[in-house]
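Presented below is the structure to which this report refers.
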Amino acid sequence: MGYSYYDYGTRTKCSEPVELLITDPNLPRPNIALSPSRMAVPGSNVIIQCWPRDQNGDIYLQKTGARLKPQAMEANGNTSVFHIKDVSPSDGGNYNCWYRRQFLVSHPSVTEELWVLDTNLPKPSITLTPAVVSLGGKATIKCQSDSWVYNFYLQGPRDPKLLKLSAAGGNWTRFNIWKVSKEDIGSYICMYATSLSPHPVLSLPSDPVALLLTEDTPTVIAIASGVGVAVLVLFLGLGAFLWYKRRKVGMYDLLEKNGYIFYFYLLLSRFPGGKSGFH
């Protein structure tokens with residue numbers, strides 16, 4: 001609603017109206033997504049989608065830190081959309097959306113980041129050591145550029161949002177994964193910024209590298225177990241064969257004909273609880 005103010009008893013022109021909005025916890029948070037990607041080059045188009053659409057109200061889009069008023073989104077089926085045409089560096093930033101029913105609003109959606117890339121900045125290099133690890137092991141990611149930069153930004157499988165890393169060496173940085181979990185397995189890319197603005201323009205992304213999980217340990221255990229079972233079966237079969245042969249021929253004939261086998265059998269029978277076989 002609007003209000004008026006007075007100057008020495010003389011009524012002046014009314015100010016612009018302001019609104020008081022109340023957060024309603026019963027209104028659900030909408031979902032938000034950027035298409036085709038949260039990374040865009042200047043001149044491209046980005047679509048911001050929020051859903052599901054509220055049949056009894058509207059969905060508004062807000063850019064964090066912007067002085068512009070929240071903008072009503074265009075209805076498109078069960079989704080509300082907002083088009084950013086001809087992307088420029090000023091479009092980079094954090095966006096969220098929320099429902100509005102008259103003067104009641106929902107809590108905002110999660111924040112989505114739009115990053116604008118500078119095609120004139122060459123992509124950095126990225127290395128991963130080691131590339132194959134076991135669960136609980138350590139992996140190190142190193143990003144490096146050809147020139148001095150302020151910060152690097154790393155994206156991995158655990159969180160789609162970019163992780164800001166200080167360029168400790170001026171043109172490189174290192175990130176350690178101290179205890180690798182299944183959530184860390186996947187592809188990684190990095191970029192860099194040449195300014196200290198809150199949401200800077202970034203370089204082109206590096207080529208991706210993949211962190212893989214080794215299965216050597218379980219395989220070794222399985223092989224060892226299989227070998228143990230095979231040896232046990234062999235021993236039992238050998239014992240049964242010798243017992244049968246002993247019933248058919250005399251002990252000394254058996255020793256003469258199967259000397260090495262019988263000697264092996266004799267050694268086995270000397271284990272605690274066994275008998276020598278001689279009576």
Looking at [atom1] of [X] and [atom2] of [Y], how far apart are the two atoms once the value is rounded to the nearest 0.5 Å?
{"X": "Ile189", "Y": "Met39", "atom1": "CD1", "atom2": "CE", "result": "4.5 Å"}
{"X": "Ile32", "Y": "Thr111", "atom1": "CD1", "atom2": "OG1", "result": "7.5 Å"}
{"X": "Arg29", "Y": "Ser109", "atom1": "CZ", "atom2": "OG", "result": "8.5 Å"}
{"X": "Ile59", "Y": "Trp98", "atom1": "CD1", "atom2": "CH2", "result": "11.0 Å"}
{"X": "Leu202", "Y": "Ser195", "atom1": "CG", "atom2": "OG", "result": "8.5 Å"}

Under a 3.5 Å threshold, yes or no: a donor from one side chain and an acceptor from the other, between Thr140 and Asn176?
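Looking only at side-chain atoms, Asn176 and Thr140 do form a donor-acceptor pair, the distance falling under 3.5 Å.
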Given Tyr153, which of Trp115, Tyr192, Phe175, Tyr188 fulfils the ring-ring contact (aromatic ring centres under 6.0 Å, His included) condition?
Trp115
More than 12 non-hydrogen atoms from neighbouring residues, nucleotides or ligands closer than 6.0 Å to CG on Asp146, yes or no?
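No.
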Enumerate the residue pairs fulfilling salt bridge (Lys or Arg N to Asp or Glu O under 4.0 Å) with a member in residues 111-132, sequence neighbours excluded, ordered by first and then second residue.
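Residue pairs with at least one partner in residues 111-132: Arg38-Glu112, Lys123-Asp207.
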Given Thr23, Asp24, Leu27, the one that forms side chain to side chain contact (heavy atoms under 4.5 Å, CB included) with Val105
Thr23
Ser134 side chain vs Thr214 backbone, donor-acceptor pair below 3.5 Å:
no
Counting N and O atoms only, with roles assigned by atom type, does the side chain of Arg100 sit under 3.5 Å from a partner on the main chain of Gln102, one being a donor and the other an acceptor?
yes
